[in-house]
Amino acid sequence: MRTYRLLLIAILLGVTLTLSACATPTPQVVKETVVVKETVVVKEEVQVEVTKVVEKEVEKVVEVTATPVPGRQTLIVGLAGIPDSFDPADHRSRLSETVLRNMFDGLVTRDTTSGVHLELAESATLVDPTTYEFKLRQGVKFHDGSEMTADDVVFTFNRIIQENMIEYPDPHTSPRKGLIAPLASVEKVDDYTVRFILSAPWPPAMQMFVHQQIVPKAYLESVGTQGFVAHPIGVGPFKFVEGQLDDQIVMERFADYWGGAPDLGPSGPACVSTAIFRVIPEASTRVAALLAGEVDIIQAVPPDLVDVLAQTPGIVVKTAAGTQPKWMELNVNQAPLDNKLVRQALNHLIDKELIIEHLYGGRAAALPGALSPFNNFADPSLQPYPYNPERAAELLAEAGIADSDGDGKYEWNGAPWAFVVDSLEEHRALAEAVVAQLQEAGIDAQLRLWEYSVVKPLLQAGERSAYLDDWGDSAFDPVGHMEAKWHGVEAGSPYGRGNFSGYNNARVNELIKAGETETDVDARHALYNEAQALIYDEAPAVFLILPEEVEASSARVQNWEPASDSRVNLHDVCLQ
Amino acid sequence: MRLVKVIERLLAAIPIMLGVAVIVFVFMRMTPGDPVDIMMGQGGTVSEGEVERLRSEFNLDKPIHVQLGLFLSDLARGDLGNSFTKQQPVASLIGERLPATIELAFGSLFIGLLIAFPIGILSAVKQNSLLDRLSMGAAFLGISMPSFWLGIILILIFSVKLHWLPVQGRIDYDAGLQTVTGLYMLDSILTGNGPALISSLKHLILPSIALGSAVAAIVARVLRSSLLEILRSDYVKLARAKGAGETTVVMKHAVRNALIPTVTVVGLQVGVLLGGNMIVETVFSWPGLGRLVVEAIFNRDFPLVQGAVMVYAFIFVAANLVVDVLYTYLNPKIEM
């Protein structure tokens, strides 16, 4: 008897399931007033370029059209990863900032093309080499209606720079302290003026203040960090409604928003009424969600799907200058790579343009050396090493490496020249291309993929030969980059913390350290130019490429541009 | 009597859990990779002493036996510690994600059984028929097909092409569901929210199929083979000789006995469903425990991995216990 009853229930549930599966989605009627702002012209060149490149894939794709849900005035963003926290002071992840900067503003902000701009600060003055004075905007409201004053700014920064200021879940120091380490103290001058005292002159200060957002002192003190992360409040264009960090985060337009950085874009409350961030770490799912009209903007489109999307009607692909330069570091303490000529030769052997054209569909730039070409201190006189196998052969011959038996393979020390290129899964395509080019050139190179945390100790111990990876550069300043990558390793310090080549040039070290505190811009340029020239010549790495950040949206999305630092600024975005 | 046995078995789980805790603790620390180093990431600046400060905050500067002692003493007080990267208690992080995983596991189990039972029974009854061969072929395919591949194919067909079902997530943002248990379908029913019920059901279908197809395949094969054996037994012949209809013979006499080996397999599958769905959760952006654990492993978030693995261990122990209890119902001759 029991069996039959169970069976009956099962069938009933099955029918319900099937029925709902077949049901067509009910269109939602949303009534609201929408402020429509001026339309931004879509980057034409991207789409045109793409038409030429893929032919086979096009046929598959044309049938697929993105179907916007009619009437939806909610902007949904597909995030490429999981944010760590709702507390702007309690994370060390770019993705968390991507989300939070829609609910919080900082003293200053940044635009991909034009640099740092004032946001909550009305003016910023360098009073002396170690003191910044910020005048705050008046009448800026937090989401709970209270006004932002100097107390909030002082509280925000003290919470980051002082020890054990975050009490939940256990008292701990903000993981963002290190980002603004030279900031020694913050003082209130009056209700709308604050002074930042630095421990030493710090040229990239403004670039780094971009990444700190202001939190409300009174609210945080009353609800504590636990209450704050349950319902965060800022002064940003959107206020928190509900959400879970690894699922979806729902925010709605903050009607009393102060307007946003006057230098940048339209001012006033946000255009869309609701904005949602959905966590979709799997790239193909992200793309499918965009094609199905479930999300409007997706981050981090994988290079192999860019063309597919660009060909799809109703989808727009946009790019921004990247901030993740990629290179193959060479172990300068291991023969024959300890010879500068060999390293230069390897730079001449890799055809970067070919890689950019075929692997990235043209959406990448060749690296002109130690810094990204978009870095504010990149030396414009340096050109990427040209692809020149003949020159490479000459250099190698000079270093005692030649194809002595005429079999098309280089010999070194009486045996075929072989080494392993180490890399990570995320760089697989590029690494395979580089290894293939090395093999083509006559070097017995092999690829080995690792997990970063596993290979890192081996690299630091100097046990590997060549390592292909990238290093973030979102502040467009050499600090955070030069000392980590090209300064000699100083254990336990930031110097050389990402140096996997073993490169250690006393003069370069000196220049990098001097650049960290030199406040005169021209003098700073001179220091970094000299360092870059030395690094270029000594080539502790094969300087490869800088891919663009590729994001995509439905054509309904207006006035949106991807940002180099993966910020998704939804304030200006409208839906058609 | 049965209750006493159940309690005994639950108590016996404690040393198992303790063993698991120690093993996970040691293994995580043997794995290369430094949590603080990963947290600092690439790019940006790291100040002098910052790494040391974080290391001591996480107790990573202490000898491993001291760390283990701290971990076990916290555990004894029911404290799983705090996540390194998320700055949240591990217990609350797991508590938030577990309902999603449970919901998906039950959805998959339901789909799996819904497919497996008719197929298993029919192919046993019509052994060697075309239907039998086709369905066993399909079952073979179901076992061999990687769930992530099936997931993506399902998304392409039912979401991108046909627009019947959503690509990802658990519920529409505007369903207005008040969460009670965290099991969205149950919560929709409890709060009488029809649209939320439909929305959560639609979100559940594709991941359940992706995850449930392997279950269906395994269960169908086991059910078929045990049913085949039973259909040849004497008591089935007797039932037929008595003049009982074929349906009664199969459903009432044979299937019930074929359920015993089937239940064992289903029980194990529940463990697999609750523990092994990292891939499907990732493909469908299902905010469950699996995805949390994968991220935690890559971040070397020791407390989070330890906590989650212990939850998994407990689920396996519990699933086995449920299977054993079910046995005693299915065959009163079996004692626990």
Side-chain angles (χ1 to χ4, degrees), chain A residues 3 10 13-14 17 20-23 25 28 64 67 74 76 82 84-85 90 92 166 168-170 172-173 175 177-179 181 208 244 246-248 250 276 278-282 284-285 288-289 291-292 294 451-454 456-457 470-475 479-481 492-494 497-498, chain B residues 32-34 37-48 50-54 57 82 85-89 96-97 100 110-111 113-114 117 152 155-156 158-161 163-170 173-174 198 201-202 205 251-252 255-256 282-285 287 291-292 295 298 300:
Chain A
T3 324
L13 273 170
L17 252 149
S20 67
C22 301
Q28 297 148 16
V64 186
T67 317
T74 298
I76 307 180
I82 306 174
D84 281 340
S85 177
D90 206 6
R92 191 71 188 244
I166 303 173
Y168 174 80
D170 282 328
H172 62 280
T173 307
K177 181 179 162 74
L179 294 173
M208 298 311 291
Q244 205 173 291
D246 67 348
D247 186 6
Q248 61 181 3
V250 183
I276 297 177
R278 271 204 197 145
V279 175
I280 315 179
E282 170 58 36
S284 43
T285 312
L291 289 173
E294 273 177 44
E451 195 193 325
Y452 177 61
S453 49
V454 177
K456 189 178 172 185
D470 54 19
W471 195 268
D473 172 37
S474 55
V479 172
H481 202 93
S493 87
R497 77 183 183 100
Chain B
D34 177 351
D37 203 43
I38 296 168
M39 197 172 164
M40 290 298 100
Q42 300 187 343
T45 50
V46 172
S47 58
E48 303 268 351
E50 191 178 11
V51 170
E52 283 66 33
R53 181 176 55 72
L54 280 168
E57 215 164 75
N82 300 324
T85 47
K86 298 193 183 291
Q87 293 298 351
Q88 295 263 331
E96 276 170 26
R97 273 74 177 177
F110 177 75
I111 298 249
L113 297 184
L114 197 69
F117 269 78
I152 288 171
I155 288 175
L156 280 179
F158 293 100
S159 309
V160 176
K161 196 111 175 110
H163 296 290
W164 285 359
L165 296 166
V167 175
Q168 49 78 44
R170 281 184 78 192
Y173 65 94
D174 52 1
I198 291 172
L201 218 142
K202 280 167 123 181
I205 292 171
M251 298 306 289
K252 200 167 176 184
V255 170
R256 180 161 179 167
T282 304
V283 169
F284 289 95
S285 288
R291 220 173 63 171
L292 185 76
E295 199 206 358
F298 280 115
R300 301 287 188 275

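Chain identifiers are assigned alphabetically (A, B, ...) following the order of the sequence lines, protein sequences preceding nucleic acid strands; residue numbering begins at 1 within each chain. What you see is a predicted model, and the numbers here were worked out from it, not measured in a lab.
- Of the atoms belonging to B:Gln168, heavy atoms from both backbone and side chain fall under 4.5 Å from chain A.
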Open item on the list: As a quick check of understanding, evaluate side chain to side chain donor-acceptor pair (under 3.5 Å) for B:Arg300 and A:Ser453, giving each step before the final call.
Closed with: CA-CA 9 Å; B:Arg300 301 287 188 275; A:Ser453 49; 3.1 Å; yes
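- Rounding to the nearest 0.5 angstrom, the gap separating the CD atom in A:Glu294 from the CD1 atom in A:Ile76 is 8.0 Å.
- Considering CG of B:Leu165 and NZ of B:Lys202, their distance stands at 7.0 Å, rounded to 0.5 Å.
- Neither the backbone nor the side chain of B:Phe158 has a heavy atom closer than 4.5 Å to any heavy atom of chain A.
- Contact tally against chain A (heavy-atom pairs below 4.5 Å) for B:Leu113, B:Val283, B:Asp34, B:Ile155: the top residue is B:Val283.
- Every side chain to side chain donor-acceptor pair (under 3.5 Å) that A:Ser284 has, sequence neighbours left out, goes to A:Glu282.
- In this structure the side chain of A:Val279 never reaches within 4.5 angstrom of the side chain of A:Gln248, judged on heavy atoms.
- Residues satisfying the side chain to side chain contact (heavy atoms under 4.5 Å, CB included) criterion with B:Asn82, sequence neighbours excluded, are A:Pro169, A:Asp170, B:Pro89.
- For A:Ile166, no part sits under 4.5 Å from any heavy atom of chain B, backbone or side chain.
- With chain A as the partner, the residue from B:Leu54, B:Leu156, B:Thr85, B:Leu292 showing the most heavy-atom pairs under 4.5 Å is B:Thr85.
- The part of A:Ile276 that comes within reach of chain B is its side chain, from C-beta onward, which places non-hydrogen atoms under 4.5 angstrom from that chain.
- Using modelled atom types, one side-chain atom of A:Arg92 and one backbone atom of A:Pro175 make a donor-acceptor pair closer than 3.5 Å.
- Contact annotation for B:Glu295: only side-chain heavy atoms (C-beta onward) come within less than 4.5 Å of a heavy atom of chain A.
- At a 4.5 Å heavy-atom cutoff, the contact between B:Ile152 and chain A is made by side-chain atoms alone.
- Heavy-atom pairs under 4.5 Å with chain B were tallied for A:Ser85, A:Gly498, A:Ala289; the largest tally goes to A:Ala289.
- The contact between A:Pro281 and chain B is made by backbone and side chain atoms together, counting heavy-atom distances below 4.5 Å.
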